[in-house]
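Throughout, protein chains are lettered first and strands after them, A, B, ... in sequence-line order, and every chain is numbered starting at 1.
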There are 2 protein chains.
Amino acid sequence: MVDVATDTRTRIIEATRSRLLADGYAGLSTRKVAEEAGVPLSQLHYHFGSKGALIIALFTEENDRLLERQSRMYAQDKPLWQRYEQACDFLEDDLESGYVRVLQEMLAAGWSNPEIGDVVRDLLTDWYVLLAEVAREAERRFGSLGPFTPEEFATLVANAFIGSEALLLLGFERPVMPIRSALRRIGLLIREREEGADPSVGHQAPPRTPPNRAADGPVVAG
Amino acid sequence: MVDVATDTRTRIIEATRSRLLADGYAGLSTRKVAEEAGVPLSQLHYHFGSKGALIIALFTEENDRLLERQSRMYAQDKPLWQRYEQACDFLEDDLESGYVRVLQEMLAAGWSNPEIGDVVRDLLTDWYVLLAEVAREAERRFGSLGPFTPEEFATLVANAFIGSEALLLLGFERPVMPIRSALRRIGLLIREREEGADPSVGHQAPPRTPPNRAADGPVVAG
DNA sequence: TCCTCTCTCGGTCGGTCGACCGAACTTGCG
DNA sequence: CGCAAGTTCGGTCGACCGACCGAGAGAGGA
């Protein structure tokens with residue numbers, strides 16, 4: 001395997017990602033990918049065998065990057081609410097980078113394509129296992145999470161993120177539906193628990209404003 | 001417009017729905033739809049003009065059915081927690097009927113197709129507006145929803161449902177990720193608030209069991 | 001040197017796609 | 001009856017799809 005200036009295989013993967021962001025999974029074409037990568041069409045099949053294997057290779061690569069960053073983040077020795085806020089910041093980054101779009105396209109493709117479904121299920125399972133462990137740690141450190149088991153709480157937050165991502169990709173505007181601020185508020189909930197503070201006081205807690213007047217940006221972190 | 005035994009237009013719509021459930025939006029083909037409907041291919045374009053207009057007609061029909069049932073349900077004079085549980089029951093029905101799949105395919109298609117995106121955004125906005133009103137009523141009747149505005153709480157629950165649906169469609173198995181029981185627990189939270197009961201006592205509250213041993217079915221209602 | 005393995009290349013296969021056409025059929029009205 | 005509008009029909013257009021082919025370039029070892 002010779003490493004050319006920019007490896008052909010890498011260029012194909014990146015072009016696939018680019019076309020996926022532009023046209024979605026439904027509109028993905030091997031010819032457009034080849035054109036964008038600047039390589040002959042036949043190179044796609046030489047390096048990956050098939051269109052399906054190509055897209056799965058892309059998915060796996062995104063997967064690995066996600067897991068690596070994720071475990072690095074949660075290994076930090078910080079208050080839990082700060083780590084949660086960092087997760088919210090990551091969401092903003094990932095929306096901009098196209099990461100979220102790729103994941104959601106994978107997810108949707110998995111409904112019809114069992115092979116893709118298996119890959120995505122593995123990815124999301126790993127993510128859930130990590131979040132559930134964090135939730136268990138939280139319960140150990142500062143008590144019960146209401147009526148929820150740690151696993152249920154982790155599932156709920158994770159799925160709220162998944163759903164929020166899908167809606168943000170659809171272009172829901174800021175004032176209409178307070179998607180971002182709703183997710184950020186969970187961090188506030190965690191912080192109140194963690195610091196044993198009186199919820200009615202709130203540290204630098206933002207005012208609760210109705211969504212038609214509220215800015216739907218980050219409400220806690222800058 | 002003559003009404004034949006089964007109207008051609010209706011048969012095409014139903015066939016479109018059927019093929020969408022089988023192949024997903026990415027794999028939807030007008031020829032397969034025509035074959036399933038038992039009509040010539042040209043009928044699709046005569047009645048709907050284009051593939052895009054056909055799929056949007058289907059989406060709109062599902063939309064109308066959803067809104068009708070939704071408003072009927074929330075108009076009931078029942079405790080809020082009972083109405084929430086009914087919403088959870090609807091989720092089970094809609095998963096089985098293919099409703100959820102159609103909605104989620106619409107959602108995903110909207111990421112790439114602006115016209116579809118507009119339709120889906122309108123649908124989901126109506127849904128959110130209704131839920132937000134319910135949340136405002138809840139806050140009026142039994143006080144603050146933690147750090148959340150009613151609109152944020154509604155958004156959070158709605159998005160948790162959207163995300164949960166996507167994952168359930170992907171085939172997440174019951175014991176691995178307690179998706180259903182996590183959603184059901186929210187009803188418990190509402191009930192405790194609504195009845196002013198001590199959370200630690202709980203009415204017929206199910207035991208909190210770790211997810212590897214818990215059945216992930218309905219945890220409150222049968 | 002020559003042989004082999006890896007990789008690149010242009011070209012083309014059979015098939016499917018959405019869209020469109022003109023002719024024929026049905027229905028209702030005068 | 002004759003006419004017109006609404007509907008159904010088989011057939012076909014050009015474009016695009018994923019997959020595959022054999023030739024050949026280039027590097028590295030024997």
Worksheet item: Between Asp23(A) (CG) and dC17(C) (P), how many Å, whole number?
Response: 19 Å
Practice prompt. Would you jot down, in residue-number order, the residues of residues 44-54 of chain B having a non-hydrogen atom under 4.0 Å from DNA chain C?
Written response: His45(B), Ser50(B), Lys51(B)
Fill in: Shortest side-chain distance from Ser42(B), nucleotide among dC9(D), dT8(C), dA19(D)
dC9(D)
Worksheet item: Can you check the Ile12(A) CD1 to dG18(D) P distance for me, whole Å?
Response: 14 Å
Discussion item. Assess whether a salt bridge exists between Glu68(A) and Arg72(A), defined as any Lys/Arg side-chain N lying under 4.0 Å from an Asp/Glu carboxylate O.
Written reply: yes
Worksheet item: Gln43(B) CD to dC25(C) C1': how many Å, rounded?
Response: 12 Å
Worksheet entry | Between P of dT6(C) and CG of Asp7(A), the distance in whole Å | 15 Å
Worksheet item: Hey, is CD on Glu133(B) packed in by over 12 heavy atoms from elsewhere, all under 6.0 Å?
Response: yes
Worksheet item: Any ion pair linking Glu36(B) and Arg11(B) (charged N to carboxylate O, less than 4.0 Å)?
Response: no
Worksheet entry | From Ile186(B) atom CD1 to Leu156(B) atom CG, the distance as rounded to the nearest 0.5 Å | 8.0 Å
Practice prompt. Please list residues of residues 25-32 of chain B whose heavy atoms come under 4.0 Å from any atom in DNA chain C, ordered by number; otherwise none.
Written response: Leu28(B), Ser29(B), Thr30(B), Arg31(B)
Fill in: Carboxylate-amine/guanidinium contact Glu62(B) Arg17(B), below 4.0 Å
yes
Discussion item. Walk me through whether Glu165(A) and Asn159(B) qualify under side-chain contact (heavy atoms from CB on, under 4.5 Å).
Written reply: CA-CA 9 Å; Glu165(A) 289 171 6; Asn159(B) 290 1; over 6 Å; no
Discussion item. Could you tell me if Thr30(B) and Arg19(B) have a donor-acceptor pair between their side chains, going purely by distance under 3.5 Å?
Written reply: no
Fill in: N-O pairing of Arg121(B) and Asp126(B) below 4.0 Å
no
Worksheet item: Quick one: do Arg9(A) and Glu61(A) make a salt bridge, cutoff under 4.0 Å?
Response: no
Worksheet entry | Spacing of Arg11(B) atom CZ relative to dT7(D) atom P, expressed in whole Å | 15 Å
Practice prompt. Could you tell me the separation between the CG atom of Leu41(B) and the P atom of dC20(C), rounded to a whole number of Å?
Written response: 12 Å
Worksheet item: Roughly, in whole Å, what's the span from CD in Glu35(B) to C1' in dG18(C)?
Response: 17 Å
